[in-house]
Each structure stands twice: as structure tokens, then as C-alpha cells.
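What follows is a short report on a single structure.
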Amino acid sequence: EDNQIVAEIMGRRFFPDLIAYKAWEGFHFAGHEIRITEATDCYGAVVWPSALVLCYFLETNSKQYNLVDKNVIEIGAGTGLVSIVASLLGAFVTATDLPELLGNLQHNVLQNTKQKCKHQPCVKELSWGIDLEKNFPKSSCNFDYIMAADVVYHHPFLDELLQTFDHLCNNDTVILWAMKFRLENENGFVDRFQTLFDLEMISNFPSLNIALYKAMRKGRMKA
């Protein structure tokens with residue numbers, strides 16, 4: 001079953017017949033052809049398999065997780081694929097990442113959502129753990145969903161990442177987080193995450209070493 005679903009997920013990706021001036025990959029999600037411009041010199045400008053897993057989940061579970069008119073923020077949006085798919089599914093999306101990635105992110109989001117979405121998504125800088133209250137004040141940030149794909153890997157900002165999840169998450173916010181398991185130190189982030197949030201694995205793909213989680217603040221999952 002894992003191999004069959006993984007084949008379906010990876011089958012959503014396609015490549016150009018001719019080599020273009022700018023490298024891009026194509027994807028089929030939410031009834032649209034999505035073209036993503038990539039940059040191979042930066043982790044954040046490449047589409048990783050975890051993003052495909054999350055996009056596939058959003059599309060195939062659109063009744064249970066209805067995004068129409070929902071307020072969604074993606075952290076570590078990278079090329080913007082997840083944000084684009086969420087927008088095409090009807091959400092009002094804020095796609096965030098580091099300042100040096102915003103140009104490519106804005107290009108991809110605009111190219112793939114203009115006049116196609118109920119709500120035009122916005123792109124905003126978010127450096128984990130920095131100026132959170134200034135840029136995303138708790139009093140006005142009421143996100144229904146926080147989405148994240150492959151934000152846990154070998155980087156020195158895991159504390160700031162957890163702080164960012166904590167700041168953006170209200171009592172009723174649902175976190176949808178796709179994670180590729182790599183090194184033990186990074187896997188330990190899951191344990192730390194669970195000190196603040198209840199965590200439920202909702203999909204697992206052993207052949208990709210990727211798990212998809214749903215999380216809410218402690219005590220809110222059952223409620």
C-alpha cells in the first residue's frame with residue numbers, strides 16, 4: 001500500500017520536455033498544473049518529497065480538512081508548492097520564509113495562483129524566532145492551520161523553530177507537518193515538540209522515510 005500511494009504522489013511531478021533558461025518542475029494538484037521555478041544552490045529553493053506528501057494529503061482529504069476560507073500560514077515555504085495548493089483549495093494563505101528566498105517564492109506563488117484562487121495568497125518574511133510578536137502579533141494572528149514540510153533537518157535553529165510553532169499556534173490551530181527522518185538529533189525534535197503539543201501521525205510512508213503529523217496544543221486534540 002505504501003509503494004502504491006508513494007507512486008501516486010510522485011506521479012504528480014513532471015518535468016519540461018525542453019531545457020528552459022530557468023530550471024522548473026511541474027506538478028498536478030488541486031486540478032491545476034503548477035510550475036515551480038527552483039534554484040539548486042539553496043535548500044529552500046528545491047521541492048522536497050515531504051512537500052509532495054503534504055500536498056497530496058490536502059487534496060485527497062479536502063472534505064475532512066476543508067480549507068475553504070480558512071486562514072493558513074506555511075512556515076519554511078521554500079518554493080511555495082504547499083502554499084499554492086492550499087490557496088487553490090480555497091484557503092487564505094500566508095507563505096513565509098527567509099528574506100533571501102522571498103523573490104523566488106513570490107514569483108512561484110503569483111505565477112500559479114493569479115486569477116485562479118478565491119483568496120490571493122500573500123508572501124511574508126519570517127525568520128524563525130526573530131521579531132515574532134512584532135511581525136505576527138498574537139492579538140491579530142488567528143491561524144486555522146499551520147503547515148510545514150521538511151522544516152526539521154540539520155540546521156542550528158531547532159529551538160527557534162519550536163518557539164515559532166508555539167507563537168503562531170492558538171488553542172484551536174491545527175498543525176499539519178510532514179517530516180523526513182534523517183539523523184537522531186533531528187528526530188529528538190519530535191520529543192521536544194510533544195512537550196507543547198499533542199501529536200498524531202496521520203500518514204506514514206516508510207519507503208520515503210516520511211511521516212505526516214497532525215498536532216494541536218496540549219489537551220486540545222480531543223476537544
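Predicted model, so just to flag it, every value in this text is computed and none were measured.
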Worked check of salt bridge (Lys or Arg N to Asp or Glu O under 4.0 Å) between Asp69 and Lys118
CA-CA 8 Å; Asp69 297 331; Lys118 184 175 183 180; 2.9 Å; yes

What is the distance from atom CD of Gln106 to atom SG of Cys122, rounded to the nearest 0.5 Å?
9.0 Å

Answer whether the closest heavy-atom distance between the side chains of Arg12 and Phe29 falls below 4.5 Å.
yes

Under 3.5 Å donor-acceptor, Asp198 side chain and Gly219 backbone:
yes

Checking Asp172 now: which residues fulfil salt bridge (charged side-chain N to carboxylate O under 4.0 Å, His left out) with it, not counting sequence neighbours?
Arg220

With heavy-atom distances below 4.5 Å as the criterion, would you say the side chains of Lys214 and Val174 are in contact?
yes

What residue pairs, at least two apart or across chains, pass ring pair (Phe, Tyr, Trp, His ring centres under 6.0 Å) with a residue in residues 109-151?
Trp128-His155

Look up atom CE in Met201 and atom OH in Tyr213, then write down how far apart they are to the nearest 0.5 Å.
4.0 Å

Report yes or no: do Leu101 and Leu110 belong to one cluster of Ile/Leu/Val/Met/Phe/Trp/Tyr joined by side chain heavy-atom distances under 4.5 Å?
no

Looking at every non-hydrogen atom in both residues, tell me the closest pair between Cys169 and Ile175 and how far apart they are.
SG-CD1, 4.3 Å

Side-chain contact test, heavy atoms from C-beta onward, threshold under 4.5 Å: evaluate it for Gln111 versus Ile36 and give yes or no.
no

Pairwise distance CG(Leu81) to OG(Ser50) - rounded to 0.5 angstrom
12.0 Å

To the nearest 0.5 Å, tell me how far His28 NE2 sits from Glu59 CD.
11.0 Å

Is there a donor-acceptor pair closer than 3.5 Å between any side-chain N or O of Glu74 and the backbone N or O of Thr96?
no

Expected output: side-chain Asn108 to main-chain Thr79 donor-acceptor under 3.5 Å:
yes

State whether the side chain of Asn112 and the backbone N or O of Ile34 hold a donor-acceptor pair below 3.5 Å, judged by distance alone.
no

Among Val72, Val82, Ile73, Leu88, find the residue that satisfies the side chain to side chain contact (heavy atoms under 4.5 Å, CB included) test when tested with Val93.
Val72

Mind jotting down which residue pairs meet the ring pair (Phe, Tyr, Trp, His ring centres under 6.0 Å) criterion with at least one end in residues 55-105? Sequence neighbours excluded, please.
Phe57-Tyr65

So, Lys218 side chain and Thr195 main chain: donor-acceptor pair closer than 3.5 Å or not?
no

Centroid separation Phe193 to Trp177 less than 6.0 Å:
yes

Check the side chains of Thr113 and Gln120 for a donor-acceptor pair under 3.5 angstrom, ignoring hydrogens and angles.
yes

Kindly compute the distance separating CG (Asp144) from CG (Leu67), expressed to the nearest 0.5 Å.
9.0 Å

Arg35 vs Glu25, salt bridge (Lys or Arg N to Asp or Glu O under 4.0 Å): CA-CA, chis, key distance, verdict
CA-CA 6 Å; Arg35 293 193 177 192; Glu25 287 186 71; over 6 Å; no

Could you check whether any side-chain heavy atom of Leu126 comes within less than 4.5 Å of a side-chain heavy atom of Leu98, counting everything from C-beta outward?
no

Indicate yes or no: does Lys124 engage Asp97 in a salt bridge with an N to O separation below 4.0 Å.
no

For the pair Arg217 (side chain) and Phe197 (backbone), establish whether a donor and an acceptor sit closer than 3.5 Å, ignoring hydrogens and angles.
no

If you compare all heavy atoms of Leu54 against all heavy atoms of Ala149, which two are closest, and at what distance to 0.1 Å?
CD2-CB, 4.4 Å

Report the C-alpha distance between Leu168 and Thr173 in whole Å, list the side-chain angles of each, state the deciding distance to 0.1 Å, and finish with yes or no for side chain to side chain contact (heavy atoms under 4.5 Å, CB included).
CA-CA 9 Å; Leu168 297 175; Thr173 304; over 6 Å; no

Single-linkage hydrophobic cluster, 4.5 Å side-chain cutoff, Met10 and Ile210 together
yes

Point-to-point distance, once rounded to the nearest 0.5 Å, from NE2 of His107 to CG of Leu102:
14.5 Å

Verify, without hydrogens or angle tests, whether Asn104 (side chain) and Thr37 (backbone) share a donor-acceptor contact under 3.5 angstrom.
yes

CD (Glu133) with more than 12 external heavy atoms under 6.0 Å:
yes

Can you find a pair of side-chain heavy atoms, one from Leu58 and one from Leu89, that are under 4.5 Å apart?
yes

Is it the case that atom CZ in Phe157 sees more than 12 heavy atoms from other parts of the structure closer than 6.0 Å?
no

Go through it in stages, so that I can follow the logic: the residues are Glu160 and Ile130, the test is side chain to side chain contact (heavy atoms under 4.5 Å, CB included), and I'd like the CA-CA distance, side-chain angles, deciding distance and then a yes or no.
CA-CA 8 Å; Glu160 290 82 357; Ile130 298 176; 6.0 Å; no

Under a 4.5 Å side-chain heavy-atom rule over Ile, Leu, Val, Met, Phe, Trp and Tyr, are Met147 and Val68 clustered together?
no

Just by distance, with hydrogens left out, do Asp2 and Ser207 show a side-chain donor and acceptor under 3.5 Å apart?
yes

Do the side chains of Ile202 and Leu176 get nearer than 4.5 Å, heavy atoms only?
yes

Using modelled atom types and a 3.5 Å cut-off, is there a donor and acceptor pairing between side-chain atoms of His32 and backbone atoms of Ala30?
yes

Geometric class of the Phe165/Phe189 ring pair [parallel <30°, tilted 30-60°, perpendicular >60°]
tilted

Of all the heavy-atom pairs spanning Ser139 and Asn142, show the shortest one and how long it is.
O-ND2, 4.3 Å

Using side-chain heavy atoms (C-beta onward) and a distance below 4.5 Å, is Ser83 in contact with Pro121?
no

Do Phe181 and Leu161 share a hydrophobic cluster, counting only Ile, Leu, Val, Met, Phe, Trp and Tyr and linking them when any side-chain heavy atoms are less than 4.5 Å apart?
yes

Side-chain touch Phe205/Ile9, heavy atoms, less than 4.5 angstrom:
yes

